[in-house]
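Because only heavy atoms are used, hydrogens play no part in the values below, and waters and symmetry mates are left out as well, while side chains stay in. Whatever order the structure lists ligands and atoms in, that order sets their numbers, starting from 1.
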Amino acid sequence: MTTGTLARIIDGKGFAARLRETIRAEVATLGFTPGLAVVLVGEDPASKVYVSNKAKQTVEAGMASFEHKLPATTSEQDLLALVGRLNADPAVHGILVQLPLPPGLRAEAVIEAIDPAKDVDGLTVTNAGRLAAGLPGLVPCTPLGCLLLLQDCLGDLSGREAVVVGRSNLVGKPIAQLLLQQNCTVTMAHSRSRNLPEICRRADILVAAVGRAEMILGDWIKPGATVIDVGINRVAAGDGKTRLVGDVAFAAAQRQAGWITPVPGGVGPMTIACLLRNTLTAARRRERDDVISNHELV
Ligand code: GUN
């Protein structure tokens with residue numbers, strides 16, 4: 001069964017541009033400059049593009065961008081020492097270590113070295129635990145972006161059936177926590193789930209974050225559902241070129257869904273906008289805490 005009409009496109013690109021503008025306007029009123037440090041180790045081409053986009057948008061939002069580019073041969077000890085210096089640097093409010101790291105560097109050890117108050121990626125155990133416990137912290141950027149898009153098109157999410165396909169620490173687990181906090185009934189599915197099509201068909205909200213090109217087919221989608229596609233997969237386009245596709249077979253899904261994010265231009269642009277938002281949040285909290293501790297001193 002199809003709805004007969006095509007799903008409405010969720011314009012993540014436009015939403016992200018408006019969010020960045022709101023952040024820029026707020027930064028201008030702060031009276032100090034929030035700073036974001038981004039650490040890139042090695043030469044991964046996709047990571048290089050992400051990092052230069054982050055730096056550009058940080059500066060456009062009126063924040064200071066500190067880029068640290070290190071060779072792939074960097075030792076874990078040197079990387080940890082850099083993180084330690086950034087933790088101690090008062091001009092730095094947010095720290096992001098771009099993943100994946102080159103072989104030989106343990107991402108968990110490096111992430112854990114980041115001060116949770118500066119962990120704008122929301123990946124430290126402290127921030128993951130705070131999210132799970134419903135306490136304020138810093139929330140991973142892509143999941144936060146997904147939630148903002150969902151609230152923008154659906155309003156209150158209470159009581160809705162949400163299915164998250166994918167269980168990564170970066171996306172699947174935190175988005176499930178955020179949806180639970182919004183009173184959704186959340187199912188986490190993954191590559192080992194039995195009857196994945198059936199599970200997906202229950203979803204009023206379907207979040208695809210598996211990293212497998214067009215794995216979720218049109219007839220897995222409940223008519224009228226809202227589909228958030230976090231996947232960014234490069235596939236052959238047939239003419240020797242490549243193109244980007246999501247985890248959802250878009251054309252077929254668009255005939256079933258009520259709302260759907262495109263790839264590219266859906267969730268992708270929200271990640272950096274939310275990184276800037278987290279940097280602003282971290283900067284505001286530090287400023288507030290500094291004011292409190294100064295009062296305590298006098
Ligand atoms: N690599 C791909 N996405 C991300 C992200 O959101 N944060 C970090 N640190 N690395 C990434």
Query raised in the report: Under 3.5 Å, side chain of R277 to main-chain N/O of G145, donor-acceptor pair present?
Result: no
Report summary line: A64 meets the side chain to side chain contact (heavy atoms under 4.5 Å, CB included) criterion, sequence neighbours left out, with T33, F66
**Report entry** Contacts of type side chain to side chain contact (heavy atoms under 4.5 Å, CB included), residue D11, not counting sequence neighbours
**Finding:** K13
Query raised in the report: Any idea which heavy atoms bring A282 and A117 closest together, and the distance?
Result: CB-O, 3.5 Å
Close N/O pairs between ligand 1 and protein, under 3.5 Å:
from, atom 1, to, atom 2, distance (Å)
ligand 1, 1 (N), Q98, NE2, 3.1
ligand 1, 1 (N), L99, O, 2.9
ligand 1, 7 (N), D121, OD1, 3.1
ligand 1, 7 (N), D121, OD2, 3.1
ligand 1, 9 (N), V97, O, 2.8
ligand 1, 9 (N), D121, OD2, 2.5
ligand 1, 10 (N), L99, N, 3.0

Requested in this report: Please write out which residues are connected to V38 in a hydrophobic cluster, directly or through intermediates, given that two of Ile, Leu, Val, Met, Phe, Trp, Tyr count as joined at side-chain heavy-atom separations below 4.5 angstrom.
Outcome: L36, L40, V51, L96, V120, L275
Query raised in the report: Is the closest side-chain donor-acceptor distance between D119 and T124 under 3.5 Å?
Result: yes
